[in-house]
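Written out below as structure tokens is the structure these notes cover.
The structure presented is a predicted model; accordingly, all values stated were derived computationally and were not measured. In what follows, chains carry the letters A, B, and so on, assigned in the order in which the sequence lines appear, proteins first and then strands, with residues in each chain numbered from 1.
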Protein chains: 2
Amino acid sequence: MEIDRRRNIVEAAEKSFSLFGYKATTMDQIAKLANVGKGTIYTFFKNKEELLQFIMEELIKEMKTAAEETYDKNISFHKFVHRAIYKMLEYRMEHQLAIKLFEEGKFGTPEVVEALKYFEDAIVNYISHIIQEAINKGFIHPCDPKITAYIILKMYVALIFDWEKNNPSLSKEEIADLMNLYIFKGLAVS
Amino acid sequence: MEIDRRRNIVEAAEKSFSLFGYKATTMDQIAKLANVGKGTIYTFFKNKEELLQFIMEELIKEMKTAAEETYDKNISFHKFVHRAIYKMLEYRMEHQLAIKLFEEGKFGTPEVVEALKYFEDAIVNYISHIIQEAINKGFIHPCDPKITAYIILKMYVALIFDWEKNNPSLSKEEIADLMNLYIFKGLAVS
DNA sequence: CAATGACCGAAATACCAAAATGGTCATTAA
DNA sequence: TTAATGACCATTTTGGTATTTCGGTCATTG
């Protein structure tokens with residue numbers, strides 16, 4: 001069977017990026033790992049950055065399908081939103097690549113910052129889409145879907161990533177309850 | 001009249017910190033600005049870090065009184081919360097020192113990171129206090145005041161600082177409406 | 001005796017040679 | 001003929017070091 005060089009390259013790059021980060025991964029290294037001459041990489045990808053972007057797009061697609069698999073007609077709308085978003089963030093946390101890049105991004109490599117912005121945008125757009133549908137169906141109050149999606153994401157990140165830096169971390173259920181309280185029910189006593 | 005060296009030092013430091021940041025401010029510079037020998041600074045403050053902390057404490061106190069001044073028995077509870085928090089963030093945004101340190105903190109100087117954590121804690125505690133009172137009075141649903149305060153702060157920061165990095169910035173009123181929708185009313189259609 | 005600035009060790013910075021890296025392209029192997 | 005390759009090049013990064021700067025001290029001073 002003919003070997004799929006392109007696939008090998010992508011997988012080698014993914015492995016190396018997630019293990020050592022973007023900056024610390026060299027093209028020679030990727031070529032070695034992929035059992036391929038370095039020049040070959042450039043027949044498939046214009047440069048290192050494009051290779052990263054391709055991998056990010058793959059990752060985003062995987063996340064979306066993962067989220068969509070949680071869809072279930074029998075659960076309430078907000079449960080779905082919660083599950084889907086949680087699944088996506090879980091992905092982000094568990095996936096080596098995402099973690100490494102997330103750390104690297106805080107620091108400063110421009111390509112990585114760019115890639116992460118792209119990543120965040122993809123998530124926000126996806127959530128935004130769900131919100132819009134929910135509004136159309138009259139499940140939730142009308143609101144700007146984009147901002148709402150953004151806020152929901154930030155809130156999750158705050159609860160999952162930031163809060164546990166200085167406090168005992170919250171369980172999946174606690175986070176679900178909190179999101180439900182803050183975003184869906186609201187604090188106000190009717 | 002006898003000159004107040006201590007006051008001069010604090011003001012010089014504050015000015016220099018907010019103009020050039022903590023790291024880029026030298027003790028010599030402060031001494032010059034304060035018309036004081038360098039050694040004199042050390043008769044009032046143990047070191048540079050303590051000087052920063054003193055200034056931060058002053059800033060926090062100022063912010064609290066500024067927030068408290070917005071209290072008005074005739075406005076609704078959530079209006080008060082909003083006004084108070086907004087005032088505090090406005091302070092943070094407008095005050096040169098806070099901005100400079102905020103930028104510097106993202107980067108990494110340990111003392112600045114520490115000081116900002118202290119700053120954030122102070123805000124969260126203050127909000128937390130207000131929340132607790134509101135719960136006691138039955139204005140809002142029972143909830144963990146600390147987490148709630150934390151979330152509210154994060155949400156504001158997301159709306160004021162982060163959102164406008166990639167989107168048209170929101171007006172005071174828009175932010176007020178959004179906070180009201182997300183936190184108080186909730187998205188759910190009753 | 002409060003105030004000071006010359007002084008000190010440590011830490012940051014500037015500098016530069018050597019090594020590494022991203023990307024190209026003439027050569028090779030199929 | 002064409003896809004694959006790795007030696008090669010220009011540029012960037014690194015590692016080590018000489019130099020400067022800075023936070024903090026303390027003997028001297030007014």
Can you tell me how far C1' of dC8(D) sits from CE of Met27(A), to the nearest Å? 17 Å
Residue closer to the 5' end of DNA chain C, Thr26(A) versus Gly39(A) (nearest nucleotide): Thr26(A)
Quick one: does any side-chain atom of Tyr22(B) pair with a main-chain N or O of Leu101(B) as donor and acceptor, under 3.5 Å? no
With a 4.0 Å cut-off on heavy atoms, is Lys38(B) in touch with a base, just the backbone sugar-phosphate, or nothing at all? base
Salt bridge present between Glu133(B) and Lys137(B) (N-O < 4.0 angstrom): yes
Heavy atoms, side chains only, cut-off 4.5 Å: are Tyr150(A) and Asn167(B) in contact? no
Using whole Å, what does the distance between atom C1' of nucleotide dG23(D) and atom CD1 of Ile30(B) come to? 11 Å
Taking atom OH as the centre, does Tyr118(B) end up with more than 12 heavy-atom neighbours from other residues, nucleotides or ligands that are less than 6.0 angstrom away? no
Looking only at side-chain N and O atoms, does Arg5(B) come under 4.0 Å of OP1 or OP2 in dA3(C)? yes
Choosing from dT4(C), dG24(D), dG23(C), which nucleotide comes nearest the side chain of Lys48(A)? dG23(C)
Nucleotide dA11(C), atom P - distance to CD of Glu49(B) in whole Å: 15 Å
Phe44(B) has an atom CZ; how far is it from atom C1' of dA2(C), in whole Å? 9 Å
The answer to which of Gly37(A) and Lys23(A) contacts DNA chain D further toward the 5' end, by nearest nucleotide, is Gly37(A)
In whole angstrom, give the distance that lies between atom CG of Asp28(A) and atom C1' of dT13(D). 15 Å
Measure from CG on Asn35(A) to P on dA4(D) and round the result to the nearest Å. 14 Å
Closer than 4.0 Å, any side-chain N/O of Thr40(A) to the OP1 or OP2 of dT5(D)? yes
Verify, without hydrogens or angle tests, whether Glu104(B) (side chain) and Thr109(B) (backbone) share a donor-acceptor contact under 3.5 angstrom. no
Atom-to-atom span, CD of Glu50(A) to P of dG23(C) - whole angstrom: 10 Å
Write down the distance between CG (Asn47(A)) and P (dC25(C)), rounded to a whole number of angstrom. 15 Å
